Participant: 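Pasting a structure here, questions to come.
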Amino acid sequence: MAASSNAEQTQLQDMEEEDAGIEEREMESDEEEEVGMGAENSDDDEDDSSEDEKENEAEIQRLEEQLSINAFDYNCHVDLIKLLKQEGELIRLRKARQKMSELFPLTEEIWLDWLKDEIRLTEEEPNREKVYELFERATKDYICPDIWLEYAQYSIGGMGSPGGIDKVRSIFERAVTAVGLHMTKGQTVWEAYREFENLCILNASSVIMSESMIIELCFVDMEATYAEYEEWSEQGVPETVAHQYKKALQEMEKRKSFEESLFVAEPPKLAEYQAYINFELKEGDPARIQITFERALAENCLVPDMWAKYTIYLDRQLKIKDLVLSSHERAVRNCPWTMGLWKSYILALERHGADHQTVSDIFEKALNAGFIQATDYVEIWQADLDYLRRRVDFKSSKELEELRAAFSRSLDYMKQDVEERFGESGDPSCIIMQIWARIEALHCKNMQKARELWDSIMTKGNAKYANMWLEYYNLERSYGDPVHCRKALHRAVQCTSDYPEHVCEVLLTFERVEGSLEDWDIAVQKTETRLNRINEQRAKAAEKEANLARQEEERVEQRRKTKADKKAQKKVQKGNRAGEKRKADQDDYQNEWNEDSAPKRHRGNGDQNAEEYMETETGLLGRNALPVFKPPPPETKNVQQGAAATAQRQSNDKPELRNDDCSVFISNLAYTLEEPESKLRVLFETCGPIKQIRPVFSNKGNFKGYCYIQFESSVSVPGALKLDRQEVEGRPMFVSPCVDKNKNPDFKVFKYNTSMEKHKIFISGLPFSCTKEQLEEICKSYGTIKEVRLVTYRSGKPKGLAYVEFANETQASQAVLKMDGMEVEGNKISVAISNPPRRNMMDKPGSSRPMSDMMPRQVYGSRGRGRTQLSLLPRSLQRQSAPGNKVENGTANERVQAMASESVSAAGEPKPLSNSDFARMLLNK
């Protein structure tokens with residue numbers, strides 16, 4: 001320990017001296033730059049640069065403060081390193097990189113930048129060991145050919161030192177072992193190795209073109225390497241080497257399609273790598289399987305499923321200790337939030353004989369990893385308790401007491417830490433306590449402790465479940481005595497509420513085998529009493545449910561009756577208005593005919609002759625008789641407007657044209673859509689041959705926004721359904737299957753999901769300008785995206801909400817952790833696992849409307865509240881409510897009475913009014 005502490009102090013002193021040297025060189029370079037540039041730069045440029053420096057320094061301080069609060073903010077580390085490199089703060093940059101590397105594996109780009117900076121700083125120093133140590137750390141994070149190549153090339157610079165050539169050769173051999181089989185970049189490492197051996201004037205054939213190496217030379221453009229070997233070899237290519245080369249070409253041909261798909265795919269290329277890995281697993285070459293996994297993980301380091309698949313392969317197939325444990329360590333460093341990786345790591349450590357302190361340290365790190373579910377903590381505790389139980393000899397008190405202390409600590413941790421964070425313990429069935437009780441009963445023969453634990457389990461809300469009592473009963477049956485078995489069953493009969501009949505049956509069976517007659521009588525009495533009480537409770541509950549159902553039926557019937565009465569009343573009122581309208585139309589036609597024909601019939605006659613002629617005319621034809629010219633009936637008033645609708649109804653009524661299996665229903669189209677049939681035909685012709693398109697029109701000929709499309713074959717329907725929510729003139733078009741609701745009333749196109757969807761996230765607070773492609777670009781770095789759905793209004797305008805479905809739960813959880821609180825175009829978004837609330841009865845499709853809508857509409861008039869009620873009768877003919885209302889030429893009543901007296905004939909019969917009479921009445925009003 002003292003030697004290691006002295007070495008650490010010496011290393012710290014060396015780093016401090018090196019930092020001081022860096023500061024001096026920086027000050028000298030700064031002074032030289034100031035002297036050289038002081039006379040050239042203007043005052044404005046100096047002000048701008050100083051302002052930029054102040055802004056950058058403020059941003060650096062902000063990032064450092066944020067990291068002091070949350071050291072696990074990965075993006076904050078990356079931003080800080082970029083700013084410090086931009087400002088040239090080499091000392092602070094080294095410390096920032098060091099802190100990040102302690103918490104996370106660094107990417108290939110970050111390592112290469114760091115290594116190049118350190119190489120430049122140590123060019124003048126004879127001691128190269130610091131850079132070697134940094135390279136060793138870099139090669140452990142990821143298997144990257146570029147890092148290994150940089151490492152080997154840097155080591156060539158130390159060939160002159162004692163043992164330098166051997167060190168370089170050792171590094172090259174490790175490099176070709178680690179990345180030599182990389183299909184696209186491995187060849188560069190081999191070529192560098194060959195050049196090194198040629199430089200050393202050694203027999204290159206023993207290094208480059210041996211038979212075993214030809215087998216492994218399965219690279220892109222490997223033909224050039226083989227041609228160069230042919231030219232170099234003086235004795236020609238051996239037959240065995242040529243055979244192995246042909247075999248390598250065949251292997252290359254098998255993998256060519258996978259390499260091409262990786263070349264054209266966009267990062268992170270997860271699907272392409274998975275297909276490649278599956279192929280290599282079938283081929284069974286461990287070296288190629290490993291390098292393919294490493295290539296995939298270098299670009300998908302935050303995908304827990306990929307790490308889990310890799311570590312499972314290493315645990316079950318290779319079983320190489322150093323490789324297995326290092327891979328597990330890299331997995332938990334990349335995805336610390338994934339409980340399964342920590343659990344596998346603990347098992348791997350135990351499997352390969354790691355010391356107890358190492359396993360304990362890993363478990364403590366797992367507890368601080370920040371899992372996203374309460375159940376994750378239960379499982380990681382179970383993994384640790386299983387490990388501790390396997391260590392116990394049960395003859396030594398030390399390990400046993402450590403196990404009991406761990407059980408007690410786990411219960412306290414669940415109660416304090418987990419419940420405070422998640423609002424639940426994550427272990428409602430008390431699995432940990434059940435395992436503890438069984439260990440006490442089986443291994444320690446301590447039934448008293450086991451009974452105490454089961455009493456605690458039952459007090460946590462588990463006493464009403466039959467399976468919990470039966471589990472306790474089985475424990476007593478195996479390790480206890482009949483007295484406690486009977487006691488447990490009696491308590492179960494009194495407390496169980498989910499399956500009381502089963503518990504009663506178990507008690508009676510137990511007494512048949514173990515009990516006396518008195519015990520049997522007590523058991524029968526208790527079970528009968530309990531079952532009678534249960535049956536009474538069930539009957540009351542059934543009666544209450546029946547009453548509720550009957551009340552609901554009565555409410556539905558009342559609503560149906562109210563709706564029918566309103567329809568009937570509305571129909572009567574509509575008929576009355578139609579009759580009044582027809583009468584007014586007839587009067588208008590008669591007045592127009594009289595007004596147009598009177599001058600023709602009374603040319604040269606006075607008013608008196610005109611009135612007499614009118615009297616004779618009415619006497620012959622009757623008061624309400626109409627001229628020979630007949631007005632068109634009201635039903636044909638909108639013939640031209642309703643022609644399209646009539647034709648459409650006729651086509652819809654033809655049963656031979658309707659086929660729901662070959663049809664789709666189109667809705668949410670704009671009412672103003674012109675020529676919907678032609679536009680929809682162009683849109684849906686790509687799905688298959690169309691038999692007919694039936695747009696639906698109103699009685700006035702206006703398009704109602706929906707239609708039916710029938711194809712020649714049902715094969716075209718799935719393709720048409722894929723066009724759902726495609727925009728048509730700015731509105732999303734809804735495409736759904738065509739189903740007869742009379743035959744299938746329960747059919748729903750979209751079912752409202754009320755359960756938690758752990759593989760899907762819900763995003764709120766998005767800017768309205770955010771598109772589906774932009775959101776997919778943001779989310780794809782956290783996993784494989786199956787679907788992105790932006791929530792919009794029926795008009796197509798966004799609501800600022802979205803659902804994103806990932807391939808699995810782990811990717812969705814990772815997205816929640818990384819995206820919640822993120823800013824998108826100035827909007828701070830909220831991200832959570834999709835957990836829709838339960839829909840109320842009034843919100844369900846097909847449910848009745850709220851009671852406010854069921855109020856009688858007659859209170860507000862036959863057309864409902866808010867519509868103006870107008871009378872089509874001229875005001876001059878309406879009865880005056882105030883007879884004393886004076887106008888310029890006398891009261892209205894006096895004029896009406898005078899005209900009425902003039903319109904009475906000598907025979908006392910009423911005289912019809914002419915058009916001129918009506919005109920005078922309207923003008924005098």
Side-chain angles (χ1 to χ4, degrees), residues 374-375 377-379 381-383 385-386 388-389 392 394 400 403-415 418-419 424-516 518-531 533-534 537:
T375 54
Y377 288 95
V378 178
E379 292 192 38
W381 268 110
Q382 285 181 328
L385 293 170
D386 292 345
L388 294 176
R389 197 271 307 163
V392 178
F394 292 106
L400 179 59
L403 176 61
R404 286 173 173 167
F407 270 112
S408 299
R409 184 192 169 198
S410 67
L411 298 179
D412 294 338
Y413 189 89
M414 293 296 165
K415 184 177 181 181
V418 177
E419 285 190 7
E424 58 172 337
S425 65
D427 189 14
S429 299
C430 302
I431 300 297
I432 293 178
M433 295 180 70
Q434 290 187 42
I435 295 173
W436 189 5
R438 189 163 289 275
I439 290 174
E440 292 287 351
L442 174 62
H443 297 289
C444 303
K445 312 300 180 184
N446 189 355
M447 279 302 300
Q448 182 62 33
K449 180 64 176 179
R451 294 183 184 115
E452 292 176 0
L453 291 171
W454 268 104
D455 287 339
S456 179
I457 292 172
M458 292 304 180
T459 58
K460 295 183 180 298
N462 294 302
K464 58 185 178 181
Y465 300 117
N467 64 319
M468 301 298 290
W469 283 109
L470 295 179
E471 184 70 24
Y472 177 34
Y473 163 73
N474 291 330
L475 183 69
E476 288 286 359
R477 191 75 170 158
S478 301
Y479 310 107
D481 52 69
V483 176
H484 286 90
C485 289
R486 181 177 293 108
K487 184 178 179 181
L489 290 175
H490 283 188
R491 292 173 61 190
V493 169
Q494 296 297 324
C495 300
T496 301
S497 60
D498 55 351
Y499 297 105
E501 293 87 354
H502 184 52
V503 175
C504 292
E505 184 180 353
V506 173
L507 174 58
L508 294 176
T509 302
F510 173 78
E511 296 299 352
R512 281 192 177 98
V513 177
E514 298 283 347
S516 62
E518 183 181 359
D519 296 332
W520 172 262
D521 292 338
I522 294 173
V524 171
Q525 182 181 358
K526 284 192 173 184
T527 54
E528 288 180 352
T529 303
R530 177 60 176 169
L531 292 178
R533 189 182 304 118
I534 291 293
Q537 294 175 356

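Worth saying up front: this structure is predicted, and the values here are computed from it rather than measured. FYI, side chains are in, hydrogens and waters are out, and symmetry mates aren't considered; it's all heavy atoms of this structure.
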Participant: Please enumerate all residues that pass side-chain contact (heavy atoms from CB on, under 4.5 Å) together with Gln537, with sequence neighbours excluded.
Facilitator: Arg533, Ile534

Participant: Minimum heavy-atom separation for Val378 and Gly426, please, with both atom names.
Facilitator: CG2-O, 3.4 Å

Participant: Test your reading of the model: is there a side-chain donor-acceptor pair from Lys445 to the backbone of Leu442, 3.5 Å cut-off?
Facilitator: yes

Participant: Which salt bridge (charged side-chain N to carboxylate O under 4.0 Å, His left out) pairs, counting each pair once, include a residue from residues 405-414, with sequence neighbours left out?
Facilitator: Glu364-Arg409

Participant: Which residues pass the salt bridge (Lys or Arg N to Asp or Glu O under 4.0 Å) test with Arg451, not counting sequence neighbours?
Facilitator: Glu476, Asp481

Participant: Under the rule for salt bridge (Lys or Arg N to Asp or Glu O under 4.0 Å), what residues qualify as partners of Arg512, not counting sequence neighbours?
Facilitator: none

Participant: Hey, what do you get for CD1 (Ile435) to CG (Leu453), rounding to the nearest 0.5 Å?
Facilitator: 12.0 Å

Participant: Mind checking what makes side-chain contact (heavy atoms from CB on, under 4.5 Å) contact with Lys460, not counting sequence neighbours?
Facilitator: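 Only Cys430, Met433, Ser456, Asn462 meet the side-chain contact (heavy atoms from CB on, under 4.5 Å) criterion with Lys460.
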
Participant: Nearest 0.5 Å please: distance from the CG atom of Asp519 over to the CG atom of Leu508.
Facilitator: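 It is 12.0 Å, given to the nearest 0.5 Å.
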
Participant: Do Phe407 and Leu411 come within less than 4.5 Å of each other through their side chains, counting heavy atoms only?
Facilitator: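 Answer no - side chains too far apart.
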
Participant: Who pairs with Glu518 by side-chain contact (heavy atoms from CB on, under 4.5 Å), at least two apart in sequence or on another chain?
Facilitator: Ser516, Ile522

Participant: Check side-chain contact (heavy atoms from CB on, under 4.5 Å) between Asn474 and all other residues, then give those that pass, not counting sequence neighbours.
Facilitator: none

Participant: My understanding is that only residues two or more places apart in sequence, or in another chain, count here; which of them pass salt bridge (Lys or Arg N to Asp or Glu O under 4.0 Å) with Glu514?
Facilitator: Arg477

Participant: Flag the pair Phe394 / Ile439 as yes when at least one side-chain heavy-atom distance between them is below 4.5 Å, and no otherwise.
Facilitator: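 Sidechains of Ile439 and Phe394: in contact.
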
Participant: Rounded at 0.5 Å granularity, tell me how far CD in Glu501 sits from OG1 in Thr496.
Facilitator: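 One gets 10.5 Å once the value is rounded to the nearest 0.5 Å.
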
Participant: Do Leu385 and Ser410 come close enough that some side-chain heavy atom pair is under 4.5 Å?
Facilitator: yes

Participant: May I ask you to decide if Val524's main-chain N or O and Thr527's side chain share a donor-acceptor pair within less than 3.5 Å?
Facilitator: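 Side chain of Thr527 to backbone of Val524: a pair is present.
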
Participant: Scan for side-chain hydrogen bond (donor to acceptor under 3.5 Å, both in side chains) pairs involving residues 427-443, sequence neighbours excluded, and state none if there are none.
Facilitator: Arg404-Glu440, Trp436-Glu440, Arg438-Glu471

Participant: Using atom types as modelled and distance alone, determine if a side-chain donor or acceptor of Arg389 lies under 3.5 Å from a backbone N or O of Leu400.
Facilitator: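 It does not hold such a pair.
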
Participant: Output the distance between atom OH (Tyr413) and atom CH2 (Trp381), rounded to the nearest 0.5 Å.
Facilitator: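 Between Tyr413 OH and Trp381 CH2, I get 8.0 Å after rounding to 0.5 Å.
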
Participant: Mind listing the closest non-hydrogen atom pair of Ala441 and Ala450 along with its distance?
Facilitator: CB-CB, 4.3 Å

Participant: Just grab all the ring pair (Phe, Tyr, Trp, His ring centres under 6.0 Å) pairs involving residues 455-482, residues at least two apart or on different chains.
Facilitator: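 As it turns out, the ring pair (Phe, Tyr, Trp, His ring centres under 6.0 Å) pairs with a partner in residues 455-482, which skip direct neighbours, are Trp454-Tyr472.
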
Participant: Starting at CD of Glu379, measure out to CD1 of Ile432 and round the result to the nearest 0.5 Å.
Facilitator: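 Separation between the atoms: 10.5 Å.
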
Participant: Can you run down the ring pair (Phe, Tyr, Trp, His ring centres under 6.0 Å) pairs that involve residues 483-502, sequence neighbours left out, and say none if there aren't any?
Facilitator: none

Participant: Going by salt bridge (Lys or Arg N to Asp or Glu O under 4.0 Å), name the residues that satisfy it together with Asp498, two or more places apart in sequence or in a different chain.
Facilitator: none

